[in-house]
K.L.:
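This is the structure, below, for whatever I ask next.
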Amino acid sequence: MSTLLRLNGITKAFAGVHALKGVPFDLEPGEVHALVGENGAGKSTLIKVITGAHAPDQGTLEVQGTLVEHNDPVRARALGIAAIYQQPALFPELTVAENIALGLETGGAWRRIRWGERCTRAQRLLARIGAAIDAEAPVRGITMPEQQLVEIARALGANARILIMDEPTASLSDQEVANLFRVIRELKGQGVGIIYISHRLEELPQVADRVTALRDGSLVATRKMGDVNRAELVRLMVGRELSAVFPKQTVELGETVLEVRDLGCRESGVSGVGFRVRAGEILGLAGLVGAGRTELARVLFGLTPADSGQILLRGRAVTIDRPERAVVLGIAYVPEDRRRHGVVLEMPVAANMTLATLRAVSAHGLIDFRRERAVATDLVRRLAVKTATIDTPVGHLSGGNQQKVALARWLAAEPAVLILDEPTQGVDVGAKAEIHRLMGELAARGMAIVMISSELPEILGMSDRIVVLHGGRVAGTLDRAEATQEAIMELALGHLPAHGAAS
Ligand SMILES: Nc1ncnc2c1ncn2[C@@H]1O[C@H](COP(=O)(O)OP(=O)(O)OP(=O)(O)O)[C@@H](O)[C@H]1O
Ligand SMILES: [Mg+2]
(Lines give C-alpha, C1' and ligand atoms only; values in the text may rest on other atoms or scores of the structure.)
(Ligands and ions follow the chains in the order given, each with its own letter.)
Protein backbone atom coordinates (compact mmCIF):
# COMPACT_ATOMS: atom_id res chain seq x y z
CA MET A 1 0.00 0.00 0.00
CA SER A 2 1.22 3.49 -0.77
CA THR A 3 1.83 6.23 1.75
CA LEU A 4 -1.53 7.67 2.79
CA LEU A 5 -0.42 11.22 3.28
CA ARG A 6 2.72 13.19 2.56
CA LEU A 7 3.38 16.84 3.39
CA ASN A 8 6.45 18.67 2.16
CA GLY A 9 7.82 22.02 3.31
CA ILE A 10 4.57 23.34 4.79
CA THR A 11 4.85 27.01 5.72
CA LYS A 12 2.09 29.14 7.20
CA ALA A 13 2.10 32.61 8.76
CA PHE A 14 -0.65 34.64 10.40
CA ALA A 15 -0.10 38.39 10.42
CA GLY A 16 3.53 38.12 11.37
CA VAL A 17 3.27 34.91 13.45
CA HIS A 18 5.19 32.09 11.77
CA ALA A 19 3.02 29.16 12.82
CA LEU A 20 4.73 26.62 10.50
CA LYS A 21 8.17 26.77 8.89
CA GLY A 22 8.82 24.21 6.15
CA VAL A 23 7.36 21.22 7.99
CA PRO A 24 7.41 17.71 6.42
CA PHE A 25 5.09 14.96 7.65
CA ASP A 26 3.89 11.58 6.40
CA LEU A 27 1.45 8.88 7.39
CA GLU A 28 1.32 5.19 6.44
CA PRO A 29 -1.80 3.01 6.29
CA GLY A 30 -2.50 1.34 9.63
CA GLU A 31 -0.17 3.70 11.44
CA VAL A 32 -0.70 5.99 14.42
CA HIS A 33 1.64 8.96 13.98
CA ALA A 34 1.73 11.17 17.08
CA LEU A 35 2.34 14.90 16.85
CA VAL A 36 3.72 16.62 19.94
CA GLY A 37 4.94 20.06 20.90
CA GLU A 38 4.40 22.83 23.43
CA ASN A 39 1.31 25.03 23.36
CA GLY A 40 1.59 27.15 20.23
CA ALA A 41 4.14 24.88 18.50
CA GLY A 42 1.94 24.65 15.39
CA LYS A 43 0.22 21.26 15.76
CA SER A 44 -3.34 22.44 15.18
CA THR A 45 -2.22 24.66 12.31
CA LEU A 46 -0.62 21.67 10.57
CA ILE A 47 -3.84 19.72 11.04
CA LYS A 48 -5.86 22.57 9.55
CA VAL A 49 -3.64 22.53 6.47
CA ILE A 50 -4.40 18.82 6.05
CA THR A 51 -8.15 19.29 6.48
CA GLY A 52 -8.16 22.24 4.08
CA ALA A 53 -9.24 24.75 6.72
CA HIS A 54 -6.03 26.74 6.10
CA ALA A 55 -4.25 27.11 2.77
CA PRO A 56 -0.48 26.84 3.30
CA ASP A 57 1.70 29.74 2.12
CA GLN A 58 4.16 27.19 0.75
CA GLY A 59 4.55 23.42 0.50
CA THR A 60 2.73 20.46 -1.00
CA LEU A 61 0.21 17.86 0.12
CA GLU A 62 -0.17 14.40 -1.40
CA VAL A 63 -2.89 11.89 -0.59
CA GLN A 64 -2.10 8.31 -1.64
CA GLY A 65 0.53 9.49 -4.09
CA THR A 66 -1.64 12.14 -5.74
CA LEU A 67 -0.83 15.81 -5.42
CA VAL A 68 -3.76 17.79 -4.00
CA GLU A 69 -3.54 21.16 -5.72
CA HIS A 70 -6.15 23.26 -4.00
CA ASN A 71 -7.20 21.65 -0.80
CA ASP A 72 -10.41 22.75 0.89
CA PRO A 73 -12.64 21.16 3.56
CA VAL A 74 -15.00 19.55 1.03
CA ARG A 75 -12.16 18.06 -1.02
CA ALA A 76 -10.36 16.85 2.10
CA ARG A 77 -13.50 15.05 3.26
CA ALA A 78 -13.95 13.45 -0.13
CA LEU A 79 -10.35 12.23 0.10
CA GLY A 80 -11.26 10.43 3.33
CA ILE A 81 -9.79 12.92 5.79
CA ALA A 82 -11.73 13.44 9.01
CA ALA A 83 -10.77 15.39 12.11
CA ILE A 84 -11.81 15.59 15.70
CA TYR A 85 -10.84 18.91 17.22
CA GLN A 86 -10.04 19.99 20.75
CA GLN A 87 -13.40 21.69 20.96
CA PRO A 88 -16.41 19.67 19.91
CA ALA A 89 -18.22 21.34 17.03
CA LEU A 90 -21.75 20.06 17.40
CA PHE A 91 -25.12 21.78 17.20
CA PRO A 92 -26.36 21.97 20.79
CA GLU A 93 -30.04 22.18 19.88
CA LEU A 94 -30.00 19.05 17.70
CA THR A 95 -29.98 15.49 18.99
CA VAL A 96 -26.95 13.24 19.02
CA ALA A 97 -28.33 11.22 16.09
CA GLU A 98 -29.06 14.38 14.08
CA ASN A 99 -25.54 15.66 14.68
CA ILE A 100 -24.05 12.40 13.49
CA ALA A 101 -26.38 12.35 10.47
CA LEU A 102 -25.36 15.89 9.47
CA GLY A 103 -21.84 14.72 8.86
CA LEU A 104 -22.85 11.65 6.92
CA GLU A 105 -25.97 12.21 4.88
CA THR A 106 -25.49 13.57 1.40
CA GLY A 107 -28.93 12.90 -0.02
CA GLY A 108 -30.81 15.68 -1.77
CA ALA A 109 -33.60 17.75 -0.30
CA TRP A 110 -36.22 15.34 -1.59
CA ARG A 111 -34.76 12.48 0.37
CA ARG A 112 -37.07 11.36 3.12
CA ILE A 113 -35.51 11.50 6.53
CA ARG A 114 -35.62 8.08 8.08
CA TRP A 115 -35.60 8.85 11.77
CA GLY A 116 -35.49 5.28 12.92
CA GLU A 117 -32.56 4.46 10.66
CA ARG A 118 -30.70 7.55 11.80
CA CYS A 119 -31.06 6.61 15.41
CA THR A 120 -30.03 3.02 14.89
CA ARG A 121 -26.94 4.05 12.95
CA ALA A 122 -25.97 6.62 15.55
CA GLN A 123 -26.46 4.12 18.33
CA ARG A 124 -24.37 1.54 16.46
CA LEU A 125 -21.51 4.00 15.90
CA LEU A 126 -21.59 5.03 19.55
CA ALA A 127 -21.58 1.38 20.59
CA ARG A 128 -18.40 0.85 18.55
CA ILE A 129 -16.58 3.18 20.90
CA GLY A 130 -18.39 1.83 23.92
CA ALA A 131 -20.23 5.07 24.63
CA ALA A 132 -23.47 4.77 26.56
CA ILE A 133 -25.09 7.89 25.12
CA ASP A 134 -28.73 8.17 24.12
CA ALA A 135 -28.84 8.98 20.40
CA GLU A 136 -32.14 10.81 20.86
CA ALA A 137 -30.83 13.15 23.56
CA PRO A 138 -30.19 16.76 22.57
CA VAL A 139 -26.45 17.55 22.50
CA ARG A 140 -27.12 20.52 24.81
CA GLY A 141 -27.89 18.06 27.58
CA ILE A 142 -24.76 15.92 27.37
CA THR A 143 -21.35 16.66 28.85
CA MET A 144 -18.32 17.81 26.91
CA PRO A 145 -16.58 14.40 27.15
CA GLU A 146 -19.72 12.82 25.75
CA GLN A 147 -19.79 15.37 22.94
CA GLN A 148 -16.26 14.38 22.03
CA LEU A 149 -17.34 10.77 21.82
CA VAL A 150 -20.17 11.79 19.50
CA GLU A 151 -17.62 13.51 17.26
CA ILE A 152 -15.45 10.41 17.17
CA ALA A 153 -18.50 8.31 16.28
CA ARG A 154 -19.35 10.72 13.47
CA ALA A 155 -15.83 10.52 12.03
CA LEU A 156 -15.97 6.72 12.18
CA GLY A 157 -19.26 6.81 10.33
CA ALA A 158 -17.73 8.89 7.54
CA ASN A 159 -15.34 5.99 6.78
CA ALA A 160 -12.28 8.14 7.12
CA ARG A 161 -8.97 6.69 5.79
CA ILE A 162 -7.00 9.47 7.45
CA LEU A 163 -8.33 10.19 10.92
CA ILE A 164 -6.98 13.16 12.82
CA MET A 165 -7.42 13.35 16.56
CA ASP A 166 -6.48 16.66 18.16
CA GLU A 167 -6.28 15.88 21.90
CA PRO A 168 -9.11 13.32 21.85
CA THR A 169 -8.37 12.06 25.36
CA ALA A 170 -7.97 15.45 27.05
CA SER A 171 -11.28 15.14 28.88
CA LEU A 172 -11.72 11.38 29.02
CA SER A 173 -11.28 9.24 32.10
CA ASP A 174 -8.95 6.24 32.09
CA GLN A 175 -11.76 3.90 31.21
CA GLU A 176 -12.83 5.94 28.19
CA VAL A 177 -9.23 6.31 27.11
CA ALA A 178 -8.78 2.54 27.18
CA ASN A 179 -11.96 2.26 25.18
CA LEU A 180 -10.72 4.73 22.58
CA PHE A 181 -7.39 2.91 22.25
CA ARG A 182 -9.31 -0.28 21.55
CA VAL A 183 -11.16 1.52 18.77
CA ILE A 184 -7.89 2.92 17.43
CA ARG A 185 -6.39 -0.58 17.26
CA GLU A 186 -9.45 -1.77 15.38
CA LEU A 187 -9.14 1.07 12.88
CA LYS A 188 -5.42 0.38 12.42
CA GLY A 189 -6.26 -3.18 11.53
CA GLN A 190 -8.52 -1.84 8.79
CA GLY A 191 -5.66 0.21 7.32
CA VAL A 192 -6.79 3.60 8.60
CA GLY A 193 -3.95 6.03 9.34
CA ILE A 194 -4.30 8.16 12.45
CA ILE A 195 -2.62 11.44 13.34
CA TYR A 196 -2.70 11.72 17.09
CA ILE A 197 -2.09 14.91 19.05
CA SER A 198 -1.83 14.73 22.81
CA HIS A 199 -0.23 16.45 25.77
CA ARG A 200 -0.56 13.24 27.79
CA LEU A 201 2.85 11.91 26.87
CA GLU A 202 2.48 8.79 28.99
CA GLU A 203 -0.25 7.46 26.70
CA LEU A 204 1.81 7.72 23.53
CA PRO A 205 3.79 4.45 23.93
CA GLN A 206 0.45 2.64 24.22
CA VAL A 207 -0.97 4.00 21.02
CA ALA A 208 1.62 5.53 18.66
CA ASP A 209 3.94 3.88 16.14
CA ARG A 210 5.92 7.04 15.31
CA VAL A 211 6.15 10.48 16.84
CA THR A 212 6.99 13.87 15.35
CA ALA A 213 7.94 16.80 17.56
CA LEU A 214 7.40 20.42 16.53
CA ARG A 215 8.96 23.42 18.25
CA ASP A 216 8.11 27.03 17.32
CA GLY A 217 6.66 25.92 14.00
CA SER A 218 9.66 23.83 12.92
CA LEU A 219 10.25 20.09 12.75
CA VAL A 220 12.56 18.89 15.52
CA ALA A 221 12.51 15.15 14.79
CA THR A 222 10.44 12.17 13.67
CA ARG A 223 11.21 8.98 15.60
CA LYS A 224 9.91 5.46 16.06
CA MET A 225 7.91 5.53 19.29
CA GLY A 226 9.80 2.54 20.64
CA ASP A 227 13.09 4.44 20.28
CA VAL A 228 12.24 7.38 22.57
CA ASN A 229 11.39 7.50 26.24
CA ARG A 230 9.40 10.20 28.00
CA ALA A 231 12.42 12.27 29.01
CA GLU A 232 13.72 12.36 25.43
CA LEU A 233 10.29 13.29 24.16
CA VAL A 234 10.11 16.22 26.57
CA ARG A 235 13.59 17.31 25.55
CA LEU A 236 12.59 17.22 21.86
CA MET A 237 9.52 19.33 22.65
CA VAL A 238 10.92 21.95 24.99
CA GLY A 239 14.63 21.70 24.27
CA ARG A 240 15.53 21.12 27.93
CA GLU A 241 14.99 18.65 30.76
CA LEU A 242 11.88 18.94 32.91
CA SER A 243 10.97 17.02 36.02
CA ALA A 244 7.81 14.96 35.58
CA VAL A 245 6.77 14.83 39.23
CA PHE A 246 4.32 17.27 40.74
CA PRO A 247 6.04 19.18 43.52
CA LYS A 248 3.47 18.87 46.30
CA GLN A 249 4.11 21.47 49.00
CA THR A 250 3.46 20.68 52.62
CA VAL A 251 1.01 23.25 53.90
CA GLU A 252 -0.17 23.84 57.45
CA LEU A 253 -3.96 23.33 57.27
CA GLY A 254 -6.22 25.99 58.78
CA GLU A 255 -9.89 26.17 59.71
CA THR A 256 -12.62 24.50 57.66
CA VAL A 257 -13.55 26.94 54.90
CA LEU A 258 -16.14 24.98 52.95
CA GLU A 259 -18.34 22.24 54.27
CA VAL A 260 -21.26 20.56 52.53
CA ARG A 261 -23.73 18.29 54.27
CA ASP A 262 -26.05 15.88 52.54
CA LEU A 263 -26.03 18.10 49.46
CA GLY A 264 -28.35 17.22 46.62
CA CYS A 265 -29.67 18.56 43.34
CA ARG A 266 -32.23 16.40 41.63
CA GLU A 267 -31.79 18.12 38.25
CA SER A 268 -28.09 17.24 38.06
CA GLY A 269 -28.24 13.84 39.76
CA VAL A 270 -26.15 14.84 42.77
CA SER A 271 -27.35 13.44 46.09
CA GLY A 272 -26.29 13.07 49.70
CA VAL A 273 -22.85 14.59 49.17
CA GLY A 274 -20.82 15.56 52.22
CA PHE A 275 -17.21 16.72 52.60
CA ARG A 276 -15.15 19.56 54.04
CA VAL A 277 -12.17 21.51 52.79
CA ARG A 278 -9.82 23.40 55.09
CA ALA A 279 -7.76 26.48 54.38
CA GLY A 280 -4.58 25.38 52.64
CA GLU A 281 -6.07 22.07 51.61
CA ILE A 282 -6.37 20.65 48.11
CA LEU A 283 -9.32 18.30 47.89
CA GLY A 284 -9.28 16.05 44.83
CA LEU A 285 -12.59 15.08 43.26
CA ALA A 286 -12.13 11.81 41.40
CA GLY A 287 -14.53 9.59 39.52
CA LEU A 288 -15.39 8.40 36.04
CA VAL A 289 -16.93 10.66 33.43
CA GLY A 290 -20.59 10.93 34.40
CA ALA A 291 -19.90 10.32 38.10
CA GLY A 292 -21.15 13.81 38.93
CA ARG A 293 -17.90 15.71 39.51
CA THR A 294 -18.65 18.64 37.19
CA GLU A 295 -22.30 18.50 38.26
CA LEU A 296 -21.25 18.88 41.89
CA ALA A 297 -19.02 21.82 41.02
CA ARG A 298 -21.93 23.47 39.24
CA VAL A 299 -24.12 23.01 42.31
CA LEU A 300 -21.47 24.59 44.53
CA PHE A 301 -21.20 27.54 42.14
CA GLY A 302 -24.95 28.06 41.92
CA LEU A 303 -25.30 27.17 38.24
CA THR A 304 -27.69 24.38 39.16
CA PRO A 305 -28.56 25.29 42.76
CA ALA A 306 -28.93 22.61 45.42
CA ASP A 307 -32.45 21.56 46.42
CA SER A 308 -31.45 19.65 49.54
CA GLY A 309 -28.71 19.70 52.15
CA GLN A 310 -26.48 22.48 53.37
CA ILE A 311 -23.47 24.49 52.29
CA LEU A 312 -21.45 26.11 55.07
CA LEU A 313 -18.75 28.72 54.58
CA ARG A 314 -16.53 29.14 57.63
CA GLY A 315 -19.26 27.46 59.65
CA ARG A 316 -22.06 29.70 58.44
CA ALA A 317 -24.90 28.23 56.36
CA VAL A 318 -25.20 29.97 53.00
CA THR A 319 -27.57 29.76 50.07
CA ILE A 320 -25.94 29.74 46.65
CA ASP A 321 -28.77 30.15 44.19
CA ARG A 322 -26.81 31.78 41.38
CA PRO A 323 -23.15 32.24 40.32
CA GLU A 324 -23.11 35.95 41.29
CA ARG A 325 -23.87 34.89 44.86
CA ALA A 326 -21.01 32.36 44.80
CA VAL A 327 -18.60 35.04 43.57
CA VAL A 328 -19.70 37.45 46.32
CA LEU A 329 -19.12 34.69 48.87
CA GLY A 330 -15.60 34.21 47.55
CA ILE A 331 -16.09 31.03 45.54
CA ALA A 332 -14.49 30.83 42.09
CA TYR A 333 -15.07 28.13 39.52
CA VAL A 334 -12.86 27.48 36.50
CA PRO A 335 -14.95 25.24 34.24
CA GLU A 336 -13.64 22.36 32.22
CA ASP A 337 -14.81 23.78 28.92
CA ARG A 338 -12.67 26.87 29.29
CA ARG A 339 -12.27 27.72 25.66
CA ARG A 340 -16.01 28.25 25.46
CA HIS A 341 -16.89 29.59 28.91
CA GLY A 342 -13.57 30.75 30.24
CA VAL A 343 -12.36 33.43 27.85
CA VAL A 344 -13.77 36.23 25.70
CA LEU A 345 -12.16 35.46 22.36
CA GLU A 346 -12.46 38.99 20.97
CA MET A 347 -10.89 40.62 24.00
CA PRO A 348 -7.15 41.08 24.47
CA VAL A 349 -5.11 38.80 26.70
CA ALA A 350 -4.62 41.48 29.38
CA ALA A 351 -8.31 42.31 29.76
CA ASN A 352 -9.24 38.61 29.88
CA MET A 353 -6.78 37.96 32.66
CA THR A 354 -8.01 40.80 34.83
CA LEU A 355 -11.77 40.41 34.21
CA ALA A 356 -12.33 38.87 37.61
CA THR A 357 -10.01 41.20 39.45
CA LEU A 358 -11.17 44.55 38.16
CA ARG A 359 -11.88 45.55 41.72
CA ALA A 360 -8.30 44.90 42.68
CA VAL A 361 -6.97 46.33 39.48
CA SER A 362 -9.02 49.50 39.54
CA ALA A 363 -8.44 52.41 41.85
CA HIS A 364 -11.45 54.68 42.50
CA GLY A 365 -13.68 52.60 40.24
CA LEU A 366 -11.65 53.32 37.14
CA ILE A 367 -9.65 50.64 35.46
CA ASP A 368 -6.02 51.25 36.22
CA PHE A 369 -4.53 50.24 32.91
CA ARG A 370 -0.97 50.36 34.17
CA ARG A 371 -1.88 47.95 36.95
CA GLU A 372 -3.82 45.74 34.54
CA ARG A 373 -0.82 45.56 32.24
CA ALA A 374 1.54 44.79 35.11
CA VAL A 375 -0.68 41.95 36.41
CA ALA A 376 -1.14 40.54 32.91
CA THR A 377 2.54 40.77 32.03
CA ASP A 378 3.44 38.91 35.21
CA LEU A 379 0.90 36.13 34.56
CA VAL A 380 1.96 35.77 30.91
CA ARG A 381 5.53 35.27 32.09
CA ARG A 382 4.70 32.89 34.95
CA LEU A 383 2.44 30.64 32.89
CA ALA A 384 4.61 31.03 29.77
CA VAL A 385 1.61 32.08 27.69
CA LYS A 386 2.68 32.16 24.06
CA THR A 387 1.24 35.37 22.68
CA ALA A 388 2.64 38.11 20.48
CA THR A 389 1.66 40.81 23.00
CA ILE A 390 -0.76 41.19 25.92
CA ASP A 391 -2.99 43.19 23.53
CA THR A 392 -3.48 40.24 21.14
CA PRO A 393 -7.09 38.97 21.05
CA VAL A 394 -7.32 35.63 22.88
CA GLY A 395 -8.95 34.09 19.80
CA HIS A 396 -5.58 34.26 18.02
CA LEU A 397 -3.86 32.09 20.63
CA SER A 398 -3.42 28.32 20.38
CA GLY A 399 -5.88 26.14 22.33
CA GLY A 400 -3.56 25.49 25.24
CA ASN A 401 -2.64 29.12 25.56
CA GLN A 402 -6.32 30.10 25.73
CA GLN A 403 -6.61 27.64 28.62
CA LYS A 404 -3.76 29.31 30.42
CA VAL A 405 -5.39 32.74 30.05
CA ALA A 406 -8.67 31.47 31.51
CA LEU A 407 -6.87 29.92 34.45
CA ALA A 408 -4.73 33.01 35.00
CA ARG A 409 -7.85 35.10 35.50
CA TRP A 410 -8.98 33.08 38.51
CA LEU A 411 -5.53 32.65 39.90
CA ALA A 412 -5.32 36.44 39.88
CA ALA A 413 -8.68 36.80 41.66
CA GLU A 414 -7.52 34.97 44.81
CA PRO A 415 -10.91 33.68 46.05
CA ALA A 416 -11.42 31.85 49.38
CA VAL A 417 -12.56 28.68 47.64
CA LEU A 418 -11.22 27.81 44.21
CA ILE A 419 -12.92 25.04 42.24
CA LEU A 420 -10.82 23.86 39.30
CA ASP A 421 -12.30 21.50 36.74
CA GLU A 422 -9.50 19.68 34.90
CA PRO A 423 -7.02 22.54 35.42
CA THR A 424 -4.25 21.12 33.26
CA GLN A 425 -6.28 19.64 30.46
CA GLY A 426 -4.76 20.61 27.12
CA VAL A 427 -1.72 22.42 28.51
CA ASP A 428 1.82 21.27 27.78
CA VAL A 429 4.16 19.62 30.28
CA GLY A 430 5.99 22.79 31.28
CA ALA A 431 2.80 24.76 31.92
CA LYS A 432 1.34 21.83 33.81
CA ALA A 433 4.19 21.86 36.31
CA GLU A 434 3.80 25.63 36.61
CA ILE A 435 0.04 25.36 37.26
CA HIS A 436 0.69 22.76 39.95
CA ARG A 437 3.29 25.02 41.52
CA LEU A 438 0.82 27.93 41.49
CA MET A 439 -1.87 25.76 43.09
CA GLY A 440 0.57 24.90 45.85
CA GLU A 441 1.38 28.57 46.29
CA LEU A 442 -2.32 29.51 46.56
CA ALA A 443 -2.94 26.73 49.08
CA ALA A 444 0.01 27.93 51.12
CA ARG A 445 -1.65 31.34 51.26
CA GLY A 446 -4.72 29.72 52.81
CA MET A 447 -6.99 29.14 49.83
CA ALA A 448 -9.23 26.06 49.95
CA ILE A 449 -8.96 24.28 46.60
CA VAL A 450 -11.28 21.69 45.08
CA MET A 451 -9.69 20.05 42.06
CA ILE A 452 -11.52 17.82 39.62
CA SER A 453 -9.21 15.69 37.51
CA SER A 454 -9.49 12.61 35.35
CA GLU A 455 -5.76 12.02 35.57
CA LEU A 456 -5.09 9.77 38.53
CA PRO A 457 -1.41 10.75 38.82
CA GLU A 458 -2.53 14.38 39.11
CA ILE A 459 -5.16 13.52 41.74
CA LEU A 460 -2.66 11.44 43.71
CA GLY A 461 0.13 13.95 43.32
CA MET A 462 -1.73 17.12 44.26
CA SER A 463 -4.51 16.17 46.72
CA ASP A 464 -4.41 16.18 50.51
CA ARG A 465 -7.64 14.21 50.49
CA ILE A 466 -9.61 12.59 47.73
CA VAL A 467 -13.38 12.35 47.45
CA VAL A 468 -14.39 9.70 44.93
CA LEU A 469 -17.80 10.10 43.34
CA HIS A 470 -19.93 7.44 41.76
CA GLY A 471 -23.44 7.97 40.43
CA GLY A 472 -23.67 11.47 41.91
CA ARG A 473 -22.81 10.25 45.42
CA VAL A 474 -19.66 10.02 47.49
CA ALA A 475 -18.36 6.48 47.07
CA GLY A 476 -15.56 7.09 49.55
CA THR A 477 -13.01 9.54 50.88
CA LEU A 478 -9.31 8.70 50.96
CA ASP A 479 -6.47 10.37 52.80
CA ARG A 480 -3.33 11.17 50.85
CA ALA A 481 -1.45 8.46 52.73
CA GLU A 482 -3.91 5.66 51.93
CA ALA A 483 -4.77 6.67 48.36
CA THR A 484 -3.60 4.50 45.48
CA GLN A 485 -4.74 4.25 41.87
CA GLU A 486 -6.37 0.91 42.68
CA ALA A 487 -8.25 2.24 45.72
CA ILE A 488 -9.61 5.17 43.70
CA MET A 489 -10.62 2.98 40.78
CA GLU A 490 -12.41 0.50 43.04
CA LEU A 491 -14.50 3.31 44.50
CA ALA A 492 -15.00 5.01 41.14
CA LEU A 493 -16.38 1.79 39.68
CA GLY A 494 -18.87 1.65 42.54
CA HIS A 495 -17.31 -1.32 44.30
CA LEU A 496 -17.67 -1.34 48.04
CA PRO A 497 -14.56 -0.13 49.84
CA ALA A 498 -12.54 -2.98 51.33
CA HIS A 499 -11.69 -0.99 54.45
CA GLY A 500 -11.24 2.41 55.94
CA ALA A 501 -12.91 4.51 53.25
CA ALA A 502 -15.28 6.38 55.50
CA SER A 503 -16.95 9.44 54.05
N1 LIG B 1 -6.10 32.40 13.36
C2 LIG B 1 -4.92 32.76 13.89
N3 LIG B 1 -4.54 34.06 13.92
C4 LIG B 1 -3.34 34.41 14.43
N5 LIG B 1 -2.45 33.55 14.96
C6 LIG B 1 -2.77 32.24 14.97
C7 LIG B 1 -4.02 31.79 14.43
N8 LIG B 1 -4.05 30.44 14.58
C9 LIG B 1 -2.88 30.07 15.18
N10 LIG B 1 -2.11 31.17 15.39
C11 LIG B 1 -0.77 31.15 16.01
O12 LIG B 1 0.00 30.12 15.43
C13 LIG B 1 0.81 29.47 16.42
C14 LIG B 1 0.56 27.98 16.42
O15 LIG B 1 -0.74 27.72 16.93
P16 LIG B 1 -1.39 26.27 16.97
O17 LIG B 1 -2.81 26.43 17.32
O18 LIG B 1 -1.07 25.54 15.71
O19 LIG B 1 -0.59 25.61 18.20
P20 LIG B 1 -0.74 24.14 18.85
O21 LIG B 1 0.57 23.46 18.68
O22 LIG B 1 -1.92 23.46 18.33
O23 LIG B 1 -0.90 24.50 20.40
P24 LIG B 1 -1.85 23.86 21.58
O25 LIG B 1 -1.07 22.73 22.17
O26 LIG B 1 -1.94 24.99 22.56
O27 LIG B 1 -3.14 23.50 21.00
C28 LIG B 1 0.50 30.17 17.74
O29 LIG B 1 1.49 31.11 18.01
C30 LIG B 1 -0.83 30.85 17.49
O31 LIG B 1 -0.97 32.00 18.28
MG1 LIG C 1 -3.79 22.93 19.23
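Order of appearance sets the numbers: ligands from 1, and atoms from 1 within every ligand. Because only heavy atoms are used, hydrogens play no part in the values below, and waters and symmetry mates are left out as well, while side chains stay in.
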K.L.:
Any salt bridge linking Asp216 with Lys21? Criterion: basic side-chain nitrogen under 4.0 Å from a carboxylate oxygen.
P.N.:
no

K.L.:
Does Phe91, at its CZ atom, have more than 12 non-hydrogen atoms belonging to other residues, nucleotides or ligands within less than 6.0 Å?
P.N.:
no

K.L.:
Quick check: does Ser44 put an N/O/S atom under 2.8 Å from the Mg ion (ligand 2)?
P.N.:
yes

K.L.:
Look at Asp166 together with Lys48 and state whether they make a salt bridge at an N to O cut-off of under 4.0 Å.
P.N.:
no

K.L.:
Which label fits His54 and Phe14: parallel for a plane angle under 30°, tilted from 30 to 60°, or perpendicular past 60°?
P.N.:
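His54 vs Phe14 ring planes: perpendicular.
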
K.L.:
Measuring from the heavy atoms of His199, does anything fall under 4.0 Å of ligand 1?
P.N.:
yes

K.L.:
Do Leu397 and ligand 1 have an N or O pair less than 3.5 Å apart?
P.N.:
no

K.L.:
Could you tell me whether ligand 1 has any atom less than 4.0 Å away from a heavy atom of Gly37?
P.N.:
no

K.L.:
Using a 3.5 Å cut-off on N or O atoms only, is Ala19 in polar contact with ligand 1?
P.N.:
no

K.L.:
Would you mind running through ligand 1 and noting each atom that sits below 4.0 Å from a heavy atom of Thr45?
P.N.:
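Numbered from 1, ligand 1 contributes 14 (C), 15 (O), 16 (P), 18 (O).
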
K.L.:
So for ligand 1, is Ser398 a polar contact partner (N or O within less than 3.5 Å, distance only)?
P.N.:
yes

K.L.:
Show your working on side-chain contact (heavy atoms from CB on, under 4.5 Å) between Ile184 and Met165 and close with a plain yes or no.
P.N.:
CA-CA 10 Å; Ile184 288 178; Met165 298 185 174; 4.0 Å; yes

K.L.:
Looking only at side-chain N and O atoms, does Thr3 offer a donor or acceptor that is under 3.5 Å from a partner on Glu28?
P.N.:
yes

K.L.:
Is Arg154 salt-bridged to Glu151, going by a charged N under 4.0 Å from an acidic O?
P.N.:
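So Arg154 pairs with Glu151 through a salt bridge.
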
K.L.:
Judging by distance only, is a nitrogen or oxygen of Val17 under 3.5 angstrom from one on ligand 1?
P.N.:
no

K.L.:
My understanding is that we take every heavy atom of each candidate and find the minimum distance to atom 31 (O) of ligand 1. Doing that for Arg215, His18, Lys404, His396, which one comes out nearest?
P.N.:
His396

K.L.:
Give yes or no for whether the N/O distance cutoff of 3.5 Å, strictly under, is met between Phe14 and ligand 1.
P.N.:
no

